[in-house]
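These numbers come from a predicted model, not from an experiment.
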Protein chains: 2
Amino acid sequence: MKSGQATIKDIARELNVSTSTVSRALKDYPGISDETKRKVKELADKLHYRPNAVALSLRKSKSFTIGVIIPEVVHFFFSTVISGVEEVAFANGYNVILCQTNEKFSRERSSVETMLSNQIDGVLVSFSRETTNFDHFKKMIDREFPIVFFDRIPDLENTINVTVNDYQGAYNAVKHLIDQGFKKIVHLSGPDNLAISKQRKEGYLDALKDSGIVAKPEWILECPYGTEKESISITTALFKNNENRPDAIFAHHDIVAAGAMMALKSLGLKIPEDVGVVGFSNWQFSSMIDPPLSTVSQPGFQIGETATKILLDLIHKKTNMESISQNIVLDTELLIRKSSVKV
Amino acid sequence: MKSGQATIKDIARELNVSTSTVSRALKDYPGISDETKRKVKELADKLHYRPNAVALSLRKSKSFTIGVIIPEVVHFFFSTVISGVEEVAFANGYNVILCQTNEKFSRERSSVETMLSNQIDGVLVSFSRETTNFDHFKKMIDREFPIVFFDRIPDLENTINVTVNDYQGAYNAVKHLIDQGFKKIVHLSGPDNLAISKQRKEGYLDALKDSGIVAKPEWILECPYGTEKESISITTALFKNNENRPDAIFAHHDIVAAGAMMALKSLGLKIPEDVGVVGFSNWQFSSMIDPPLSTVSQPGFQIGETATKILLDLIHKKTNMESISQNIVLDTELLIRKSSVKV
DNA sequence: TTGTAAGCGTTATCAT
DNA sequence: ATGATAACGCTTACAA
């Protein structure tokens, strides 16, 4: 009893057997008498014995813990990913330790350090908006430390990445706007250094091109922070007193789209009659705003599940960096709601 | 080098000194020559030495890790709490391990087990909707294991709780509706077994009473799941073909309020002209829906910070269960937007 | 069927 | 100024 937890030693002492006997009895090893097993288990129960995972980690050089590094939990997308991760991790006896970087590079570096110190068995990463230097990840990869990137993937060799088809998602969204008769479609884009931003931008541009629409350079407006406020001010500046205003918006994600919608309404413009809007990610609120926002939904939960499965395979050496298809690309789904449908 | 991390032993061997010398040199203990310190640190750097946190945990019976048990990260409120927790934890050299219960009792119990096995130094808990039996927490409390409850607090002795003043928040919200001239105000309430639900209900009832309005029993409708769909169906049933329909809604949280708004709009009712609506929690989307939703905002980040500070004090024995004011109650703020303001 | 002892990485205690 | 050793809780050859 005393202060802390009962240990194998406590049980051994009380029963006048050795610790190895107790250890073996508890895990039903062959060659332990039923009588001993019974007694050990009984006492373990009584003392509320619980194996010390830390001692196990040290002994086995394995912590049964995986780390997850993400920009922010408040992003609906990331919180669904986490759920997927936990699901698979728990089902396989792994714990999850979480670090948010708050989109800060420095925070990302220290998160990596902390996790390595804690002997995690592998890590899932979606890096910060600020990250352009990947040395901290490169080091892990070079040492063959199990690491899987998702959503935001680095420009590095020999990485395993789980993403959605951002290009196709954007392409479909913009194609849909064109099909609805919109012609002057602007893009509120994401931070330039993220691959997802580039992909979505490419999809946007190709959809226009394939429909014979010539995109003007000023149609692409970067919203690096992706906040509602930023979007409101950019959209207002763009549409206010503009004789030749655009007639549709494809936004990098739903918060940006929602901000744009608020700006448009304040300017007295009707959605979708005057301006059509499509977002990206299918946030929780997107179906609840007015008009409901059309958007490209990403399977966040599935991304979490998939990335974690692969990571566990890596950890268990069932696969290795080379043998695996390096990019898992999941499909998006275009959800057509009222914000983009001309009546 | 080899497969894994460099250890203190590796350094000791290479430098022909003992492991204790290396250990002391690395932490600038007195009584080690500057020369030795220099050499040790240099080699440590070169080998990318990183202390093994697991070994430290075992040695010190302390993991510098705290656990957080919450129902779901997708709840905006909980994700802001997590940010507050991480902020304080990291600043004090602690890691955070996270478990979602997905509102399941069984999951909650196993989370507690896992965390204890992993020798966490303390835990922050907001329990699941299903939880009515608190034995798993009671056990921890009896053993004086550091634990702090937040938001959802149990009916137990000797617990430390961090909450917001749900009663006052609800009271103010309903008082505001009354001030706006609404008279038949219904309440879409939360799960009955949560104290927050009771508090909000009490605040609602007292605000009515204090204004001389007699609340009818049928004005309180429970929305145990708190989903948008549930709210839509309950609201629709209530307002459809109802000659004597209510003229305002106070909802247990914003998702429920948003669902109600969608239902009202489908029925052709105007907000706030026909029906006023106030929610709770100030979700991210609440200012972006149409009309913007009035709501009671809870300081989630601050709750996380406060709860974590107290937990660390407990862990460091700077305080104990008895000496502390057992309930920290933070204030809410009523955010008045268009959904509840008659013109 | 059970016990002994070494070892995982680190540090505290006691020597030297 | 440095070294040897034991201990944290557990597992696992190897012995008996």
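If you check every strand for non-hydrogen atoms under 4.0 Å, B:Thr7 touches sugar and phosphate atoms only. A:Asn16 comes within contact range of the sugar-phosphate backbone alone, with a heavy-atom separation under 4.0 Å but no base atom that close. Across all strands, B:Val17 comes closer than 4.0 Å only to sugar-phosphate atoms, never to a base (heavy-atom distances).
Going from atom OH of B:Tyr29 over to atom C1' of C:dT13 covers 12 Å, rounded to whole Å. C:dG9 atom C1' lies 15 Å from atom CG of A:Leu56, rounded to whole Å. Between B:Asp34 atom CG and D:dA1 atom C1' the separation is 11 Å, expressed in whole Å. What separates CG of A:Asn52 from P of D:dA7 is a distance of 18 Å, to the nearest Å.
Nearest-nucleotide positions on DNA chain D place B:Lys37 closer to the 5' end than the other of B:Lys37 and B:Ser61.
Using a distance-only test at 3.5 Å, with no hydrogens or angles considered, no donor-acceptor pair links the side chain of A:Asn95 to the main chain of A:Ile66.
Applying the salt bridge (charged side-chain N to carboxylate O under 4.0 Å, His left out) test to B:Glu305 and every residue at least two apart in sequence or in another chain returns nothing.
Comparing the local axis fitted to the first five base pairs of the helix from C:dT1-D:dA16 to C:dT16-D:dA1 with the one fitted to its last five gives a bend of 50°, rounded to 10°.
Residue side chain B:Arg50 does not reach the base of C:dG9 through any donor-acceptor N/O pair under 3.5 Å, judged by distance alone.
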